[in-house]
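In what follows, a structure is listed as structure tokens, so that the remarks can point back to it.
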2 protein chains.
Amino acid sequence: MARPRLTAEAADGVRADICAAAARLYERDGYDAVTMRAIAAAMDRSQALPYRYFKNKEHIFVALRAMCFDRLTTTMEAVLARGDPPLVTLHTMAHSFITFAEANPAEYRLMFALRQPPPAEYPELHAARQRALATLQTAYQQAVDQGLISGDALTGSHVVWAAMHGLLTLHLAGQLTIGRRLDELVAPMLDTLFGPRRMAAAKAAGRRPQG
Amino acid sequence: MARPRLTAEAADGVRADICAAAARLYERDGYDAVTMRAIAAAMDRSQALPYRYFKNKEHIFVALRAMCFDRLTTTMEAVLARGDPPLVTLHTMAHSFITFAEANPAEYRLMFALRQPPPAEYPELHAARQRALATLQTAYQQAVDQGLISGDALTGSHVVWAAMHGLLTLHLAGQLTIGRRLDELVAPMLDTLFGPRRMAAAKAAGRRPQG
DNA sequence: CGGATTTAATTAACGTTGTTCAAAGAATCT
DNA sequence: AGATTCTTTGAACAACGTTAATTAAATCCG
């Protein structure tokens with residue numbers, strides 16, 4: 001025959017390199033710095049190379065998004081694995097969500113950009129997002145099962161997700177005028193979502209060493 | 001002397017025309033269709049004309065954003081002017097917020113875009129946004145004054161604003177997987193924010209013909 | 001009325017960008 | 001070695017934001 005095709009792993013490796021270069025550019029110099037030419041230049045390759053591995057620029061950003069969601073999911077699953085009392089877990093999970101966003105604002109902006117291709121077109125990204133939400137839902141379900149929260153977990157976890165996300169979105173867009181510390185709004189938000197008295201009691205009673 | 005400068009009103013008129021052309025393009029063909037050349041072409045002018053009236057493209061979008069916030073504020077103020085009981089007003093205001101977003105998704109996306117210049121650089125836009133939030137805060141304050149809600153109005157109105165916004169943001173980005181109707185989440189969200197029992201009671205007792 | 005002058009608007013151009021396509025390079029089999 | 005097939009490249013295109021040089025328009029003064 002002829003020259004053998006790249007192994008699937010090899011092709012994935014190149015794709016990973018492309019994503020890494022794009023991520024580095026994005027994190028260091030912002031969205032506008034992520035150009036196809038710059039990505040290729042960072043890899044010491046020609047400007048046309050990325051097009052052999054991604055259909056277009058948008059697909060590269062979709063891949064980046066999925067990677068970010070995977071990272072977020074990992075931290076959320078770690079919280080769930082600690083096995084704290086449900087309300088403590090929810091509280092901690094919400095804070096780790098906020099910590100993630102504040103530590104990686106550029107990534108968060110990317111993940112939840114308002115201008116995005118319809119998720120249905122990118123099942124991989126959709127799955128990554130669902131994994132994060134499922135983790136929250138599991139924690140919420142445990143709280144419901146123990147009678148600490150009423151309502152169904154699917155709806156409730158969506159409400160929590162949306163409320164936290166709204167806070168972070170406004171914060172990152174500089175549209176929060178109340179003070180400088182986001183915490184001033186996080187605490188009341190969590191109180192509203194989970195109830196202040198129950199939270200305090202759960203935290204006092206539920207602290208464990210590790211898990 | 002020589003050719004007289006354009007009147008301030010005349011210049012504002014041209015600026016308004018530019019914004020109108022940009023808005024029409026944005027609404028009809030999306031963000032990518034809003035190019036300086038297309039704006040000028042829609043006005044039957046040369047491609048360099050917008051630069052005499054706006055520093056750059058970003059400033060045009062800032063102006064559009066401010067116009068959208070003014071429209072939102074108008075509808076919110078109308079709700080406040082009805083003079084319903086505070087909890088009814090808050091409830092109605094939240095729904096009008098959602099109605100606005102669902103009726104003008106493109107505008108909403110524009111208003112709350114994650115990638116935006118720092119608000120401090122555009123006091124006019126900042127003021128327009130503050131006006132909307134102040135309206136909500138006023139309604140919230142009335143509820144606090146009547147003992148229907150605890151906590152301070154500034155914090156509380158921010159929490160409500162953020163929660164509603166989070167819901168809409170995820171909805172518009174297609175990241176809400178629960179059912180098709182946004183209402184399935186709006187109702188639980190409002191219940192969480194304002195309390196279901198008090199809400200129902202207030203609505204039953206407070207309905208008025210017009211205000 | 002007619003040149004001088006000052007502002008407005010246009011034409012033309014520059015540097016970049018995303019993307020495509022034909023040509024060149026590399027790796028295998030016969 | 002030569003043919004063949006995949007990979008990579010170099011060059012090109014159209015479109016964009018933006019700026020500079022040029023032309024058109026409207027006033028004032030004589």
Side-chain angles (χ1 to χ4, degrees), chain A residues 1-26 28-65 110 113 115-117 121, chain B residues 1-26 28-65 110 113 115-117 121:
Chain A
M1 283 287 181
R3 177 174 185 164
R5 272 212 170 127
L6 278 188
T7 315
E9 299 88 44
D12 284 347
V14 179
R15 262 184 285 271
D17 290 346
I18 292 173
C19 287
R24 199 161 46 240
L25 283 168
Y26 179 67
R28 207 183 48 183
D29 301 323
Y31 181 86
D32 291 335
V34 185
T35 70
M36 297 302 252
R37 284 169 166 85
I39 293 172
M43 306 170 64
D44 273 314
R45 300 310 206 76
S46 85
Q47 64 190 259
L49 183 129
Y51 285 96
R52 269 208 107 55
Y53 295 91
F54 290 95
K55 189 186 170 194
N56 53 32
K57 192 178 176 181
E58 184 170 277
H59 279 68
I60 295 181
F61 277 109
V62 168
L64 285 182
R65 253 188 280 269
L110 183 66
R115 271 174 43 77
Q116 267 188 65
E121 295 180 12
Chain B
M1 283 290 182
R3 176 173 184 165
R5 275 216 167 122
L6 278 188
T7 315
E9 299 89 44
D12 284 347
V14 179
R15 261 184 285 271
D17 289 346
I18 292 173
C19 288
R24 199 162 46 241
L25 283 168
Y26 179 67
R28 209 184 46 183
D29 302 324
Y31 182 87
D32 292 334
V34 186
T35 70
M36 296 303 252
R37 285 167 162 88
I39 293 172
M43 305 171 65
D44 273 315
R45 301 307 207 77
S46 83
Q47 64 190 268
L49 183 129
Y51 286 95
R52 270 207 103 62
Y53 296 90
F54 290 95
K55 188 186 170 193
N56 54 31
K57 192 178 176 182
E58 185 171 275
H59 279 68
I60 296 181
F61 277 110
V62 168
L64 285 183
R65 253 188 280 269
L110 183 66
R115 270 173 44 77
Q116 267 188 66
E121 295 180 13

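The chains referred to below are lettered A, B, ... by the order of the sequence lines, with proteins before strands, and numbering in each begins at 1.
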Roughly, in whole Å, what's the span from [atom1] in [X] to [atom2] in [N]?
X: B:Arg45; N: D:dA24; atom1: CZ; atom2: C1'; result: 13 Å
X: B:Leu49; N: D:dT18; atom1: CG; atom2: P; result: 15 Å
X: A:Gln47; N: D:dC13; atom1: CD; atom2: P; result: 14 Å
X: A:Glu58; N: C:dT17; atom1: CD; atom2: P; result: 19 Å
X: B:Asp32; N: D:dG17; atom1: CG; atom2: P; result: 10 Å
X: A:Leu25; N: C:dT16; atom1: CG; atom2: P; result: 16 Å

task = Could you list the residues that satisfy side chain to side chain contact (heavy atoms under 4.5 Å, CB included) with A:Arg52, not counting sequence neighbours?
result = none

query = Is a donor-acceptor contact shorter than 3.5 angstrom present between the side chain of B:Arg3 and the base of D:dA25?
reply = yes

inquiry  = If you only use heavy atoms from C-beta on, which nucleotide in C:dT10, C:dT6, D:dC6 is closest to the side chain of B:Ser46?
reply    = C:dT10

First locate atom [atom1] of [X], then atom [atom2] of [Y], and finally report the distance between them rounded to the nearest 0.5 Å.
X: B:Asn56; Y: B:Tyr51; atom1: CG; atom2: OH; answer: 7.0 Å
X: B:Arg45; Y: B:Ile18; atom1: CZ; atom2: CD1; answer: 8.5 Å
X: B:Glu58; Y: B:Arg65; atom1: CD; atom2: CZ; answer: 7.5 Å

ask   = Taking C-beta and beyond as the side chain, do B:Asp12 and B:Thr7 meet within less than 4.5 Å on heavy atoms?
value = no

request  = Using a strict 4.0 Å threshold on nitrogen-to-oxygen distance, state whether A:Arg115 and B:Asp32 make a salt bridge.
outcome  = yes

Closest non-hydrogen atom pair, A:Phe54 against A:Cys19 = CZ-SG, 3.8 Å

inquiry  = Testing the basics here: between A:Leu25 and A:Ala33, what is the closest heavy-atom pair and its distance to 0.1 Å?
reply    = CD1-O, 4.1 Å

Residues from [range] sitting under 4.0 Å of DNA chain C, heavy atoms only?
range: residues 50-57 of chain B; result: B:Arg52, B:Tyr53
range: residues 33-41 of chain A; result: A:Val34, A:Thr35, A:Met36, A:Arg37
range: residues 6-24 of chain B; result: B:Leu6

inquiry  = Holding to ring pair (Phe, Tyr, Trp, His ring centres under 6.0 Å), I want the full list of residues that pass it with A:Tyr31, two or more places apart in sequence or in another chain.
reply    = A:Phe61

task = Take B:Tyr53 and B:Leu6 through the side chain to side chain contact (heavy atoms under 4.5 Å, CB included) test and state the conclusion after the steps.
result = CA-CA 11 Å; B:Tyr53 296 90; B:Leu6 278 188; 3.0 Å; yes

Check residues 34-44 of chain B and write down every donor-acceptor pair under 3.5 Å in which the side-chain atom is one partner and the other belongs to a residue at least two apart or another chain.
| residue | atom | partner | partner atom | Å |
| --- | --- | --- | --- | --- |
| B:Thr35 | OG1 | B:Ala38 | N | 2.9 |
| B:Arg37 | NE | B:Gln47 | OE1 | 3.4 |
| B:Arg37 | NH2 | B:Gln47 | OE1 | 3.2 |

